[in-house]
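Here is the structure we will look at.
These figures come from a predicted structure and were not determined experimentally. Every chain is numbered from 1, with letters handed out A, B, ... down the list of sequences.
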Amino acid sequence: METETETEIDIEIEPVIEKKSLRSPGELVAVVEALIFVADEPISAKLIAEILEEDRESISAAIDNLREEYEGRESGLQIREIAGGFQIATRTELHEDVRKFLKTRPSAKLSLASLETLAVIAYKQPVTVPEILEIRGVQSASAIKTLLEKRLIVTKGHKETVGRPMQYGTSKDFLIQFGLNDLSELPSIEDFEDLVG
Amino acid sequence: METETETEIDIEIEPVIEKKSLRSPGELVAVVEALIFVADEPISAKLIAEILEEDRESISAAIDNLREEYEGRESGLQIREIAGGFQIATRTELHEDVRKFLKTRPSAKLSLASLETLAVIAYKQPVTVPEILEIRGVQSASAIKTLLEKRLIVTKGHKETVGRPMQYGTSKDFLIQFGLNDLSELPSIEDFEDLVG
Amino acid sequence: MEEILEQYSFDFNGAAPTIVAESRDELRITLGEFAGPLDLLLYLIRKEQANIFDIPIAKITNQYVLYIRLMKKLDFAVAADFIVMAATLIEIKSKMLLPREPSEESDEEIDDPRQELVDRLLEYEQYKSAAQMLYERTTVEQAIFQRGKIETDENNAEINASVFDLLNVFQKIVARHKDEVQMEIHREEISLADMMKNLKRRLFEFKELSVLAFFEEMHTKRELVTAFVAVLEIARAEGVRLTQSSTFADIILRTS
């Protein structure tokens, strides 16, 4: 292990001596930014230093630099220090617009439970909750609620049996989101038969 | 019998036109940056315009601005136009350090067979399994299955010929993974002719 | 066999077979895979530095057949498509040997038996180049990374589903509850074809399958017999292996 003496010649710019950084200060800021950006969780200066094989001081300097840069230009993003690490986040003032976007973004993303329920409804429609339970073997109430909210399914009137349960089928939005012109385009098991051979 | 037709709460956003923007150009750039950042897939200028109730031109200008800004400062990030939208991503040159941090290796490449099949689908879409066989001279079933699982291709309905075979085409993920804004960015297939011989 | 022993190397971008006869008794083999018969054919033409518009069909055919024999000899499964191409080549070769009728001689545009093959090769080669282009693009793309997760990404693992996923999921559910569904909705006995289909699908999905567990899913004696025949059929025809760790242990079906 190398002894890291305090070689504070110029913390600001010179990436410190014996490690012989090959990166210019600008490059260091850039790669630090990239690491903070890709990290799933706040990333500490220590970890960044290890990855880049640079000393802590240069990394801290680079982060300071980066923060100033973000504040200097009127960026929509900020470098936040949180839980001992750094992360990039949107600026607080913009939350209203950000929230609006998050609410309206169209999404076909589904949990596995919802996807299963949707699959049953798509292939068995019109179908009632008890029938879905029968096929899936699990309660599907919350999945159905999600699917209704995402407007992927619609109610299709009551079934004329005991209890007159509500029937469900897929919606126009379902067709759009799954890129189908009509339900006949839904692939059947036979369509993929030869793929499974 | 009560028929419950599509109970659709209208969340539709009116593409507002004549609204006087309350945002300064700088603010607009900032909020556009924030939206591109939070979006988990490429976000189109159109959608941004709708969310922010601004016109397309101002949004496009803001995006241009933002791109220049990213290029101007030596950022570790870049604004990319991809799959019909915009996205922030790391700069190519930094891949080694980023990969070191993420501890990822370049992900498993597609097999020769899958790549060939994908090429045929990309250029001939919508295309059926027999048509792919015709060109490749070899069964492509397992390649197609792989491509479907990797979401690089999608089904495109049945072809109205004998046997109504399923047709395939490339997906949005294909554009994203191959760094294309749209299919027209693919070099034309004739351009590969001079490589022959 | 003498032929094999001459320095014979198949080397294709590192991704395909290299078969090198190093000495009279040693055959060094590195096997990859050609993407198909056309791929192999193109390779052989390249290796001979032959003009694609004037393929020395006899020579190429011999080499093609030799390659396939070699593969078989080494116990590599040779896909049917490769055999079909061998037949095509042999057919062209024999056509080329036929004496041309005198009346045709004056004709400028004599049908070349190789023409169709050449056209296919040319078209195929375009797509092969396109595949190469795609390959290069992925290499570039893999150097670019997107942002890590942020709070606003939904916390639960969500699936961005396609129609294919929908069908896949549905099939899984049906498989999971096949018996119940059958008893209540259909009531009819499952046919051997369906049983085999079901078995194949699951084998494909899970790569291996306990035969015992599969039999236990059967409700009637008839179904059980059908299941049994299906297992035998599949073991015979589909290139799967049956393994058993010890006598009376469970038998496992594996795709090979």
Side-chain angles (χ1 to χ4, degrees), chain B residues 37-38 40-41 77-78 80 87-96 98-99 102 104 106-107 109-120 122-124 133-140 145 148-149 151 153-155 171 173 176-180 186-187 189-193 195-197, chain C residues 12-13 15-16 32-42 51-53 79-82 84-85 88 120-154 158 160-165 167-168 204:
Chain B
F37 176 78
V38 286
D40 54 7
E41 44 179 65
L77 308 176
Q78 56 174 325
R80 301 215 315 156
Q87 161 187 87
I88 301 178
T90 60
R91 230 178 252 292
T92 326
E93 312 87 81
L94 303 172
H95 74 272
E96 261 174 60
V98 173
R99 199 166 279 144
L102 293 174
T104 56
S107 64
K109 297 261 165 79
L110 291 168
S111 71
L112 209 53
S114 297
L115 274 170
E116 271 186 27
T117 307
L118 186 58
V120 174
Y123 281 97
K124 285 271 184 181
L133 168 64
E134 187 70 32
I135 293 174
R136 292 195 57 226
V138 64
Q139 295 293 340
S140 308
K145 186 152 188 289
L148 279 167
E149 281 166 358
R151 301 165 191 285
I153 60 169
V154 289
T155 57
S171 66
D173 276 14
I176 294 174
Q177 289 195 32
F178 287 85
L180 298 162
L186 281 176
I189 192 73
E190 285 77 30
D191 288 346
F192 294 114
E193 224 153 50
L195 302 174
V196 174
Chain C
F12 177 79
N13 281 348
E33 216 180 322
F34 283 104
L38 292 168
D39 197 14
L40 172 56
L41 210 48
L42 270 181
N51 180 354
I52 200 164
F53 295 101
D81 302 297
F82 282 85
V84 171
M85 178 58 74
T88 309
R120 284 188 70 190
L121 279 169
L122 290 174
E123 187 183 25
Y124 169 72
E125 177 134 58
Q126 284 187 341
Y127 288 99
K128 197 171 148 54
S129 305
Q132 181 66 31
M133 176 273 298
L134 289 178
Y135 176 82
E136 279 153 19
R137 286 199 86 100
T138 44
T139 313
V140 174
E141 285 306 306
Q142 288 200 347
I144 295 168
F145 296 84
Q146 285 160 41
R147 68 158 166 77
K149 292 211 168 49
I150 54 174
E151 289 161 50
T152 49
D153 298 340
E154 259 120 318
E158 294 202 319
N160 203 348
S162 69
V163 174
F164 179 65
D165 299 306
L167 179 75
N168 241 339
F204 187 89

Item to check | For B:T90 against C:A143, the heavy-atom pair lying closest together | outcome: OG1-O, 4.2 Å

Checklist entry - Which residue out of C:D81, C:T139, C:T138, C:V140 racks up the most heavy-atom pairs below 4.5 Å with chain B? => result C:D81

Checklist entry - CD of C:E141 to NE2 of B:H95: how many Å apart, nearest 0.5 Å? => result 13.0 Å

Item to check | Reported CZ-to-CG distance for the pair C:R137 and B:L186, which is rounded to 0.5 angstrom | outcome: 7.0 Å

Checklist entry - Within a strict 4.5 Å, meaning less than it, do heavy atoms of the B:R151 and C:F164 side chains meet? => result no

Next on the checklist: Quick check for you: to the nearest 0.5 Å, what is the distance between C:K128 atom NZ and B:L115 atom CG?
Outcome noted: 10.5 Å

Checklist entry - Picking from C:L121, C:L134, C:V84, which has the most non-hydrogen pairs under 4.5 angstrom with chain B? => result C:L134

Checklist entry - Do the numbers put C:R147 on top of the ring of B:F37, so that NZ or CZ is under 6.0 Å from the six-membered ring centre and no more than 45° off the axis? => result yes

Next on the checklist: Minimum heavy-atom separation for C:A131 and B:A119, please, with both atom names.
Outcome noted: N-CB, 3.7 Å

Next on the checklist: Nearest 0.5 angstrom please: C:M133 CE to B:I189 CD1, how far?
Outcome noted: 7.5 Å

Next on the checklist: Any non-hydrogen side-chain atom of C:Q132 less than 4.5 Å from a side-chain atom of B:F192?
Outcome noted: no

Checklist entry - Between B:K124, B:Q139, B:R80, which shows the greatest number of heavy-atom pairs under 4.5 Å with chain C? => result B:R80

Checklist outcome for this item: chain C shares the most heavy-atom pairs under 4.5 Å, among B:E134, B:Q87, B:Q177, with B:Q87

Checklist entry - B:Q78 versus chain C, heavy atoms under 4.5 Å apart: side chain, backbone, both or neither? => result side chain

Next on the checklist: Please check this pair: side chain of B:R136 against backbone of C:Y127, looking for a donor-acceptor N/O pair closer than 3.5 Å.
Outcome noted: no

Checklist entry - Any idea which heavy atoms bring B:G137 and C:P37 closest together, and the distance? => result O-CG, 3.1 Å

Checklist entry - Is there a side-chain contact between C:Q146 and B:I176 (heavy atoms, below 4.5 Å)? => result yes

Next on the checklist: Tell me every residue that passes side chain to side chain contact (heavy atoms under 4.5 Å, CB included) with B:S114, counting only those two or more places apart in sequence or in another chain.
Outcome noted: B:L110, B:S111, B:A143, B:T146, B:L147

Checklist entry - Which of the residues B:I88, B:L180, B:L133, B:T117 is involved in the greatest number of heavy-atom pairs with chain C at under 4.5 angstrom? => result B:L180

Checklist entry - If every non-hydrogen atom of C:A35 is compared with every non-hydrogen atom of B:V138, which pair is closest and at what distance? => result O-CG1, 3.3 Å

Checklist entry - Does any heavy atom of chain C fall under 4.5 Å from the side chain of B:T92, the backbone, both, or neither of them? => result both

